[in-house]
Amino acid sequence: HELTPSKVRDHAKTMGIPYASHRDGSVEELMELSKEIMATECEGWVLHYVNGLKVKIKGRDYVRIARFLSSMSPRAVFDAIQANQIEIPDGIPEKYKRRFRELVEIFNNEYVILLKNVERTYEDLKWMQSKKDFAIKLNSMGLQDHVKFLIFQMREGKVDRFKVWDTLKRTEVWKKY
């Protein structure tokens with residue numbers, strides 16, 4: 001059994017809790033309004049038809065923010081940093097902005113740590129002239145294969161930001177967060 005909007009409003013007022021507002025209008029009017037309404041004002045509307053069918057119309061701004069928030073997993077944030085696309089859209093609540101910034105800082109720190117470890121290891125081994133001796137020593141150090149690859153790339157002068165991020169990605173660092 002479903003309550004009418006006025007009954008819902010009355011019960012909510014009695015209990016002192018917020019309630020959804022009621023709005024009359026045609027589908028066309030609400031669709032047009034959904035393009036302009038801000039997520040801070042309203043998520044959207046639920047249309048109730050006499051046959052019991054219900055249809056949601058969500059505001060464009062709400063959908064934009066919801067899309068960003070649903071893609072804010074640690075892995076998605078890592079991928080955004082790697083692609084150098086770390087902009088936070090307007091209208092995102094502060095607690096989500098904080099979490100996003102926190103993840104960006106964590107992954108940037110992980111990048112720096114990996115790069116410094118690779119550079120330090122390379123500096124310890126660069127005196128070795130023979131590629132074979134270099135490889136034997138590197139293999140004896142117990143490093144992960146993708147880290148050894150990065151050190152070899154450094155020896156060849158082929159390390160760039162993208163290779164470091166790719167190596168970090170192979171460690172699946174985002175799973176810790």
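Note that the numbering runs from 1 along the sequence shown for the chain.
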Spacing of CD belonging to Glu29 relative to CD1 belonging to Ile57, to within rounding of 0.5 Å
10.5 Å
Determine whether Ile106 and Lys176 satisfy the following criterion, side chain to side chain contact (heavy atoms under 4.5 Å, CB included), listing intermediate values before the conclusion.
CA-CA 10 Å; Ile106 286 168; Lys176 297 190 288 188; over 6 Å; no
Rounded to the nearest 0.5 Å, what separation is found between the CZ atom of Phe152 and the OH atom of Tyr122?
11.5 Å
When you check the gap from the basic side-chain N to the acidic O, do Glu119 and Lys126 get nearer than 4.0 Å?
no
Return yes if a side-chain donor-acceptor contact under 3.5 Å exists between Asp79 and Gln85, otherwise no.
no
Do Phe68 and Phe100 have ring centroids that are under 6.0 Å from one another?
yes
If every non-hydrogen atom of Ile37 is compared with every non-hydrogen atom of Cys42, which pair is closest and at what distance?
CG1-CB, 3.8 Å
Would you say Glu105 has more than 12 foreign heavy atoms packed within less than 6.0 Å of its CD?
no
In short, Val104 meets Ile81 closest at the heavy-atom pair CA-CD1, 3.6 Å
How far does NE2 of His146 sit from NZ of Lys148, to the nearest 0.5 angstrom?
10.5 Å
Heavy-atom distance under 4.5 Å between the side chains of Val147 and Leu114, does that happen here?
yes
From Lys7 atom NZ to Tyr19 atom OH, the distance as rounded to the nearest 0.5 Å
15.5 Å
Side chain to side chain contact (heavy atoms under 4.5 Å, CB included) for Met141 and Leu138? Distances and angles first, verdict last.
CA-CA 5 Å; Met141 299 175 84; Leu138 194 56; 4.1 Å; yes
In Å and rounded to the nearest 0.5 Å, what is the CD to OG distance from Glu43 to Ser34?
12.5 Å
CZ of Arg60: more than 12 outside heavy atoms within 6.0 angstrom?
no
For atom CD of Glu87, decide whether the heavy atoms of other residues, nucleotides or ligands shown that lie under 6.0 angstrom number more than 12.
no
Can you tell me if Glu94 has over 12 outside heavy atoms packed within less than 6.0 Å of its CD?
yes
Tell me, yes or no, whether the heavy-atom count around Lys131 atom NZ, taken from other residues, nucleotides or ligands under 6.0 Å, exceeds 12.
no
Which distance, rounded to the nearest 0.5 Å, do you find between the CZ of Phe78 and the NZ of Lys175?
12.5 Å
Would you confirm whether Lys163, through its side chain, and Lys158, through its main-chain N or O, come within 3.5 Å as a donor-acceptor pair?
yes
Test Glu32 against Glu28 for side chain to side chain contact (heavy atoms under 4.5 Å, CB included), laying out the working first.
CA-CA 6 Å; Glu32 196 58 38; Glu28 292 79 17; over 6 Å; no
Can you name the closest pair of heavy atoms from Leu30 and Trp45 and give their distance?
O-CZ3, 3.6 Å
Side-chain heavy-atom pair Ile151, Phe134 within 4.5 angstrom cut-off
yes
Would Asp160 and Gln153 satisfy side-chain hydrogen bond (donor to acceptor under 3.5 Å, both in side chains), going step by step from the backbone distance to the final call?
CA-CA 9 Å; Asp160 60 25; Gln153 292 292 298; over 6 Å; no
Under the side chain to side chain contact (heavy atoms under 4.5 Å, CB included) rule, what do Arg170 and Asp145 come out as? Steps first, then yes or no, please.
CA-CA 10 Å; Arg170 288 189 189 105; Asp145 286 344; over 6 Å; no
Walk me through it: do Lys116 and Glu123 pass the test salt bridge (Lys or Arg N to Asp or Glu O under 4.0 Å)?
CA-CA 10 Å; Lys116 284 183 177 181; Glu123 287 297 319; over 6 Å; no
For Arg64 and Asp61, what are the C-alpha separation, side-chain angles and deciding distance, and is it a salt bridge (Lys or Arg N to Asp or Glu O under 4.0 Å)?
CA-CA 5 Å; Arg64 177 185 64 84; Asp61 189 50; 2.6 Å; yes
